[in-house]
Each structure stands twice: as structure tokens, then as C-alpha cells.
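In what follows, chains carry the letters A, B, and so on, assigned in the order in which the sequence lines appear, proteins first and then strands, with residues in each chain numbered from 1. Everything quoted here is computed from the prediction, not taken from an experiment.
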Amino acid sequence: MEINWNEIENKWRTKWKESKDFETNPNEKPKKFITVAYPYPNSPQHIGHGRTYTLADVHSRFYRMKGYNVLFPMGFHYTGTPVLGMAKRIQAGEKEILDGLRNVYHVSEEDIKTFVEPIKIADYFHEEIKSGMIEMGYSIDWRREFTTIVPGYQKFVEWQITTLKENNKIIQGSHPVGWCPVDQNPVSQHDTMGDVEPKIDDKNFLIKFVLDEFIFPVTTLRPETIFGITNLWINPNVLYKKVSVDNEVWIVSEDCAKKIAFFEKDVSVIGEIPGNQIIGKYAKNHDGRKIPILPAEFVEPSMGTGLVMSVPAHAPKDYQALMDLKVNNHELASKIEPIPIIVTKGYGEYPAKEICEKLGVDNQSDEKLEEATKELYLKEFTDGKLNEKCDKFNNEKVQFGREKIREWLEGNNHLEKFPILENAPVRCRCGAECVVKILNNQWFLNYGDEKWKELARNCFDEMNILPNNIRTEFKEVIDWLHERACARQQGLGTKLPWDKDWIVESLSDSVIYMSYYTISRFVNDGTVTPDNLTREFFDYVLLNKGDVKSAASVSNISEGIVKMIKNEFDYFYPVDSRHSGRDLVQNHLSFFVLNHVAIFEKKFWPQEIVVNGSVMMDGVKMSKSMGNIIPLRTAIKDHGADPIRLAIISSAELLQDADFNMDSVSGIQNKLESLLEECSRLKNNPINELEIEDKWILSKTQNKILEITEAIQKMRLREALHDILFTFETDLNWYAKRTQAKGRKDVSGILHQINSIRVAMLSPFAPHIAEEMWSKLKNSGLVSKSSWPKYSKERVDATAIQSEDLLKSTIEDITNILKVTKISPKKIVLYVNSDEMKSKIYHKMLNIMVGGQNNMGVVMKELIADPQTTDAKKMPNFVQKTIKDLHSESEEIKAMKLESTEFNEKEFLSSELTSIGKKEFDVDIQVFSASDEDIYDPKEKAKHARPFKPAILIE
RNA sequence: GCGGGAGUCGCCCAGCCUGGUCAAAGGCGUAGGGUUUAGGACCCUAUCUCUCAGGAGUUCGUGGGUUCAAAUCCCACCUCCCGCACCA
């Protein structure tokens, strides 16, 4: 049967829409508030984006069927800069981006023309993404939709950021950023040529020496080496500048003078001095020692200050430069000996000397020096220890000592940060070369605050995190977080209420917005206007601060409306489940928790976080440049929404990266088609007296309900789906075999019942086709509104399960013998145990072993201790073999056997095995009890029979 | 460096949290059979080694340990992947 997916899906979507099933208001039922990180609309969503939303939708639909009042809303995050960069590139007519829009995203020329305006881009993709979400069948309450630049939301963010500031969570400070000197703006990846992120290295430092009336600053990555300094290097061929910096005068290279002008310092060049005029002078270090200044050509004026300090014991370049001078009998240099300050395993006193000799370095322009430097720096950093020359830092490991020395020097005004562009040169789109600028008036959220962190930890401790093994990662993130800039100078968004030069940064205006979903529907339907959303209003509704009277009067709305909105918030909050991709663990999800604990009282703290991995396409990462992006809507059109949903879910468990491929989609299509076909065939006939296999399959169905429900609760959707679609099939196949062998024609009613349960459980995963199946089964109403199948232990028939199990294992044994012996059977005879003592011992052993005990000694001891079974010591062989039998059985079966009532093996096998055995092996099967008078037992097999393990004779 | 994660029977990948149901699911590949005018698609069977009686042996990166029992817990080591910020 060919399925027209789009047609079926459309049909059911219309039904859902008409019945307003997903529009959720407070009612008397328990609620679940499930949210997903809203999308940033600068491209259509592809299959990868679909994953998080699909998982959340399954989650929502599941709880809806479980009887909860589920709110699943959606918004759109316009805040940020990427569309600005896009608009600029489109304005400039850049071929790459235009081709992408045309060929990958299929945007019409007309629409592209409007894209010179950033908001038009966002608007376009907003609609595009929304359509895709609807087509995927997401059960979203669209009445609550908003974008982050609508006035109501901005009011909310203003309130949020003001509240944070008043709670002392926001501080001002300095921060280095990538900066375009021409545009006078910070640059991010989207603003640069080739889309490179300007990387700032802030592990670079400037150390001040004093040379007469001047400051002689050098730059270094290793502040700890000041203890091993022997001299300073200057390039004799460079013309240095005398520069007034605040109230000091520095000698630096011209390049450096330009850089520090962006460090919020007062900088002006007041003179110059050739490098060779400084050679031979002395500069004083932090403890007043006089350090000679020597010439070295490797010193580059573009690096740092253009001046370098020399640590010949540990820096290969310094060592080699010193050697070069000594070879030329430089007078000053010949008196200098390296001062070792770090002890490292595997190296002697002078590591730099050793490594230069090992690599065969010739002179200071030797390329091998780079390699030597890299190797030694790393080794000394990871393994090295500071020695007694380092004064109070003696014995510190370099990794920790470096930081301490830095702090100490900085405290004494001998050291400053000197951030550099790690991946220079980075060019702005305007063509200018970017620099590092230090902003002194940047606003930060003070995530480094220990008290704040502690609150967040409390929240995490009580929160459900799925999968749980990502919990440690959150702990680490909280430990590691520190101040984070929360405002920037460009992009879409909300202005800082107290400093209108700044816009609230996009990761800071998206942390507690879930609460706004409880308000947005009243803004959207006109109950309130953005002007009504005053501070007093939010304080009352969200924080229960103040009283309804003044909140209403200040906001200029009725008390009834304020109460109604507060009621809505109180009903839906807190967030019961927050879904997001794993890439947001380090930022959004952690900020989400931090901001909630900073603003809301404890009962409104988030309850659960669900994190999922990303999606690969045929085993490789999806990327525009690879051209392997499939827009979600295209995929839906080609394959149907449900097959895509299932393919995404079935390809990986939560945190795993899912590998999406078209083979699995068509496999799923086939599966669903045959299931639909079966549903059309099944009649809801009355069910007659149940036979043993009926009881078995119904019991199995109960077990499946239990397993699947538990799996979904843990968001192990892949496992659940797999059970619904495939594992179920194994049991149904066995059932079919059994009923066919018996020639039964009356099973349609039972299969109808089982498949109804199956379809109901499939419904959250593949909602459209499940509706279709449900209607083909002629069940009433919508399956999405039916209730989730309930597990009841009473409906599990332990005897049926153990007897079917006996049947299966007996057939397996016969097959096994046939396989090994390669004989074709003419006659099969079974002998079941009839020894009462064996049965008694067997039961006793079940009792002993059901908890997992399987030690022969222990089992035997317990058997002998019981007078009923003390005879067990006469048959150790039997006990040992039985231990093996039971050992290889599942706990579930063991428990079943223990539970089940008296069971007659012979009767069961002779009535049931004959039919199925005939079908399987095409011979008649005879069953004897070992004690039967008329037994046919030419090979004396009967005595080997054990309970649930009949002896077998094949001729 | 700091932090997180992974290494499973030809390949991909489940199992590990909660030890025994594990020679270890599923998919691909391969082999044999069926169906088909052919290609394709589909169905059945087999797929660590040995074994003519339902059995035995050796496996889950390497080496140790805990335990009656380890793919699963602990320790060490090797290899690989990812994140480190003001960016959504």
C-alpha cells in the first residue's frame, strides 16, 4: 500500500487545529510546562534543528495522554547580530551568501531583495521555521508566540535586567574585545572577512622595568620567569618610540604604541630613540636588580612591546642569542650565566641548553628554535616545579605558581594584561585590520559570585537532568563560570534601561523568558497592551511583590486582569522540562538556571533539563559548505513528517549524535505502511475464551506497556520506539506461529486490542499516521486525545509466560540437537520430569536463586538445611545442572515461575507442542511422563528429565 | 592546560548508571535458499572457534584489582573526539 503522507498528515493536522487541542489554559488537571530553546531565525530549520523540537513534542504528547494539562509554547529569538552581518553581505552582493539563499534555501529573488534590512531576514525565516514546525505536527500553543523584539517582550527584559541589577548581579568592568578601528565597533565572526572569529589571547602579559626616567616594558607568556632573568633584549635595527602613557613614559615599538592606544589609556608619542642607543644600559627589575640590555635580532617590533626579557636557562631562543653573543666575544654577554629556576623531570640544570643541543640548533635564526621552544614550554608548564630562586614561590608547580606570581606582580604594579589577537591578522568586512580593544564600561553578569553559584548548585541538586550523566558537566560549568558581558553595542534587542548605549546581549535576554509565555497570550489577544506591563505589574505577577491594587492602578488595568494573569503564571510555573541541544550546556542552560535562582523564589525554579546531541548526515556533520543540509520542509514534502520524526528519534539515544540517513527513513516508511495495512484488516470481533497463547501475548503486551512507559519517562525515546515498532513484532510473530499451527481463526479481536494499544503508544512519536491507524481500527475519537495504556499487574498471567517459555526452549533444544547431529527426524519423543522430590528441590532452588544467588555451595547448604529438600545431597548432579538452567534464565521468568500456580508439564506439552512441533519439524511428537507405565524409552533418556527441561529422544 | 566524552564479535552501533537474563540487540556487509522476464525490491536461514545430543572454549582498547560472578564496579595506562566564552 502506497501512503500519501502529505495528504494524511494534512488531514489530521486540520482536525487538531479545528479542535484547538493544543491551546492550553489553566484548569483543574495537573500541568506540565514543557519548553524548548526558541530558534534564531537566520536560516530555515534543517533536520538537525528538528531533533530538539521533535523530542520535546513527543514528551508533550506523551504527558497529554497521561492526563496532564500540557503547555508547549514557542517563540522566536530575534536578538543578536548575525542577521546584521547577513544584511551587510547581501547589500554588498556577496556571491557566496546569495547562492546559498537561492540554491540551498530556495528563497525567491523578490524576498532576497528585501533582505538588505536585517529584520526582513528574521521575519522571513521566522515564518519559514514556523510553517515547518506546523508541518512536523508539533503540538504547540501558537497563541502565545512572540519575537524578542516586540514591545511586550522588551518590557519584560527591561524588568528582568533591572531586577538583576537591583539584586546586585550586574557589575561594570573592563573587558577585551575584537575591534574595528574604522567602524569603531566590536567585531564578531559575522563582521569579519572569511567569517573568522577574532580570538583573544589574554594569557599574555606586560612586565615593567625601569630605565632612567623611562618605563621599559616587555611582554611575556611566562611571568614566573622573571626570577631567571639575566638580561633584556632589544632589536638594534629598530627605531623605538618614547610614548607618554597616562602619567608614565614608555619606550616601545611603534606597533606597540598603536595597540596600547586601544587599551583605554591616554597615549601620545613624544619622541623616538634608536634601539642601538639603548644597548649596554641597565634597567631595574621588580626587586631593584640591575639588568643589562643586550642586542638580539630575533626580537620583532610587531610582537608585544617590541622588547623582550631573556631567560636563557629556560627559553631556547634566549639561550641561543646569548651563545651567539659569546661566540663574538661580546664583553657584557660573556659575564652572563643562565639562572635556572624550574626543575623538570627528564631535564638537567639548563633545560634550554639541553634541548638546543639535542635538536642541533646552530644560531638564533635557526627554525628548529620554534620547535624547541614549544616542546620545552609545554613540558615545563605541565611537569615543572619552581626552585628556591623563586623566593616565596619555591616548590610551587609551574601551572599554579605562574598564576600566583602574576597576581603578586600585578598587585605591585609591575605587571599588566596585554591581550593580543591570537589569529591576527583578522580583517573587518570594511577592510581594516582588527585590533584588541579594552572596554572599561562593559556591563557584566557576575556569574563568578560564589553565593550565586551555590544557589545554582542547590537548584541542580534537586533538578531532574536527562540523561543524568551530564549532571557533572553542569557542575563543572558552574564552577568555571565567571563574569560574563551581558550587553553589547550593536544588534537587535532591548536597550539597557539605565544605559541606552548598550543592548542586552542575546544570551542574557533569553534566560527566564519562559515565564513570559504565561503573559504573552494576553498581550497577543489585546487583553493588555505593552504599556500596561509596568515594573509593578511584573513584580506582582512574577514575584508576588506588592499588592494587586497598586499593581493594577499603576499599570492602568483592572485588578481582575492582573489576578487572571498571575493565576496563569502561578498555575504553569515552574518549567517542568527544558529541552535543548548539548551545545547549550555551557551557556544557555546554565544561565537559565542561574538567572532563575537569582530572580524567582524556590518554588518556581526549573524542575528538569533534557539535553540532546546533534544530528549527522550520513555520518558527517551537517554544514552549509558540505552542501549536505536538508531543509526540514523539503524533507517533509519528500518523505512525510512522521517518517522524519521517527528517523530522527530512532537513530540515537538522547546524548548521542544521531546519524540521519535516507535508508532508515524508507525502512520506517515500510514499517508504518505494513502496520497501517494490518490495522485496516483487523476487526474488533468479540473475544472468546482465552487460550494459553492468548493469555501469553496479552501478558507480554502488559510488560511492553510497562517498559515503554518507563523508557519514555526517562526520555529514552529510541528504546521506547524500538520496542513499539520492532520488539513487539517478535512476540507477535511467535503468537502468529502458534495460532496458525493450531489453525485458529478467532484471533482478530485480540490482535485488534493489542494493536490499539500499540498505536496509542506510537501516537506521540508519529502522531499523524497513528491517527490514521486509529481510525482504521475504527476506534472512536482521536488517538492523541485517548489515554495512555495503563499497565496492570493483574493482567499478567505468570503461568502463561512460563509455559510459553517452556515451549520455546523445548523447541530450541530440539532445533539445537538437529543442528548438531544433522539428522532428519522421523520421530521425536519427550519425557517430562515426574519425580516429586526433583520438583520440590527445583522450587526451593528457585526461592534461593531468585535474588541472584547461584553459588553451588550456598544453594546446597540451604537445600540440606530444609528437611523437605535435604535429599538434595543425594543428587548433586541434578542440583548443579539445575543451577545452570536457572542461571541462564532471566530474573523475570524466575519470578514468574515462583509466582505461578501448579503447572502440569505433560498436559501442556502434549496439547500445545504437538501442533507447533508438527509445523516446525514435520513429525509427530510424543510426550511421556518419566513414570508412565507405557513409556517408550529405548535409550533410557527419561531419567535425565528435569523440571522445565524435558529429556528428548530423536530418531 | 582545564573540563567533558568515547574505544564492543568484518563495518556502524546497543548494552555499562542498577554486576548474573551476555557469545552480547539492531542495522549494513557476506553466504545459501525463496520470489521475480531482468534490474531492483522483498522474505527465510546462517554469520567468534570447536562439537554427529541440547555442550565446551576464547572474546567487549591494554594491564591490574574487587567479587562466588565483570563488557558492566575500582585503579593505572594507551588512543581518539569535543568545548574553553561575550558568540547564536
Side-chain angles (χ1 to χ4, degrees), chain A residues 37-43 77 79-83 175-178 186 188-190 197-200 203 378 381-382 398-400 402 439 442-445 447 467-470 472-477 479-488 491 505-508 510 581-588 613-614 619 650-653 655-657 659 661 663-664 666-667 670 714 718-719 722 726-727 730 809-810 812-823 849 851-859 884 886-894 939 941 944 949-954:
Chain A
Y38 47 24
Y40 182 79
N42 71 333
S43 64
H77 199 198
T79 312
T81 54
V83 285
H175 183 66
V177 295
S188 63
Q189 188 174 350
H190 316 281
E197 175 85 35
K199 283 200 156 181
I200 292 166
K203 299 274 184 291
L378 188 63
F381 180 72
T382 53
V398 173
Q399 322 184 16
F400 309 115
R402 171 179 299 174
L439 297 175
Q442 174 65 278
W443 293 99
F444 293 91
L445 276 161
Y447 291 139
N468 193 42
N469 54 7
I470 206 158
T472 50
E473 207 168 321
F474 277 111
K475 281 218 161 100
E476 290 303 326
V477 173
D479 285 349
W480 159 86
L481 273 172
H482 49 85
E483 306 76 36
R484 185 190 165 93
C486 63
R488 50 181 317 171
E505 179 267 339
S506 57
L507 276 167
S508 304
S510 59
R582 124 158 264 176
D583 48 334
L584 298 188
V585 166
Q586 314 213 355
N587 40 58
H588 167 74
S614 62
S650 71
S651 59
E653 213 54 90
L655 212 50
Q656 196 91 34
D657 286 344
D659 188 8
N661 57 69
D663 288 348
S664 62
S666 63
N670 290 338
K714 290 184 193 153
R718 169 199 166 113
E719 187 182 314
H722 201 266
F726 302 104
T727 320
T730 317
S809 67
T810 308
E812 206 173 283
D813 282 350
I814 298 173
T815 314
N816 235 326
I817 297 171
L818 291 176
K819 188 181 142 195
V820 180
T821 57
K822 297 190 185 91
I823 52 179
M849 290 179 65
Q853 176 60 259
N854 74 337
N855 181 290
M856 173 82 180
V858 175
V859 173
K884 264 195 181 166
L886 288 174
H887 172 62
S888 65
E889 272 173 8
S890 68
E891 281 294 314
E892 182 201 358
I893 289 285
K894 273 186 261 183
K939 293 208 172 158
K941 294 274 183 192
H944 297 300
K949 193 79 178 169
I952 299 167
L953 170 70
I954 300 177

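A:Arg488 has its side chain within reach of A:Thr81: a pair of non-hydrogen atoms, C-beta onward, lies under 4.5 Å apart. Using a 4.5 Å cut-off on side-chain heavy atoms (C-beta onward), A:Leu481 and A:Gln586 make no contact. A:Glu473 has its side chain within reach of A:Arg582: a pair of non-hydrogen atoms, C-beta onward, lies under 4.5 Å apart.
Taking atom CG of A:Asp479 as the reference point, atom P of B:C2 lies 15 Å away to the nearest angstrom. Rounded to whole Å, the distance from CD1 on A:Ile814 to P on B:G54 is 14 Å. Atom pair A:Glu473:CD and B:C2:P shows a separation of 17 Å (rounding to whole Å applied). For the pair A:Leu584 CG and B:A88 P, the computed distance is 12 Å after rounding to whole Å.
Taking only side-chain atoms of A:Glu476, from C-beta outward, the nucleotide of B:G54, B:C86, B:G4 with the closest atom is B:G4. Among B:G54, B:C84, B:G4, the nucleotide with an atom closest to any side-chain atom of A:Ile952 is B:G54. You'll find that the side chain of A:Ile954 is closest to B:A53, out of B:A53, B:C86, B:G54. The side chain of A:Asp813 sits closest to B:G54 out of B:G54, B:C86, B:G26. Among the nucleotides B:G54, B:C87, B:G83, the one closest to the side chain of A:Asn587 is B:C87.
At a threshold of 4.0 angstrom between heavy atoms, the contacts of A:Leu953 include nucleobase atoms, whether or not backbone atoms are also involved. As judged by a 4.0 angstrom heavy-atom cut-off over every strand, A:Leu507 is placed among the base-contacting residues.
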Practice item. Evaluate the criterion side-chain contact (heavy atoms from CB on, under 4.5 Å) for residue pair A:Glu483 and A:Leu445; output intermediate values, then yes/no. Key: CA-CA 6 Å; A:Glu483 306 76 36; A:Leu445 276 161; over 6 Å; no
Exercise for review: Show the numbers, then the answer: is there a side-chain contact (heavy atoms from CB on, under 4.5 Å) between A:Tyr40 and A:Val83?
Suggested key: CA-CA 10 Å; A:Tyr40 182 79; A:Val83 285; 3.5 Å; yes
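Taking the nucleotide of RNA chain B with the nearest heavy atom to each of A:Ile470 and A:Trp480, the more 5' of the two is matched to A:Ile470. Place A:Arg718 and A:Arg484 on RNA chain B by their nearest nucleotides, and A:Arg718 ends up nearer the 5' end.
At the phosphate of B:A88, OP1 or OP2 sits under 4.0 Å from a side-chain N or O atom of A:Arg488. The phosphate of B:A88 (OP1 or OP2) has a side-chain N or O of A:Thr81 nearer than 4.0 angstrom.
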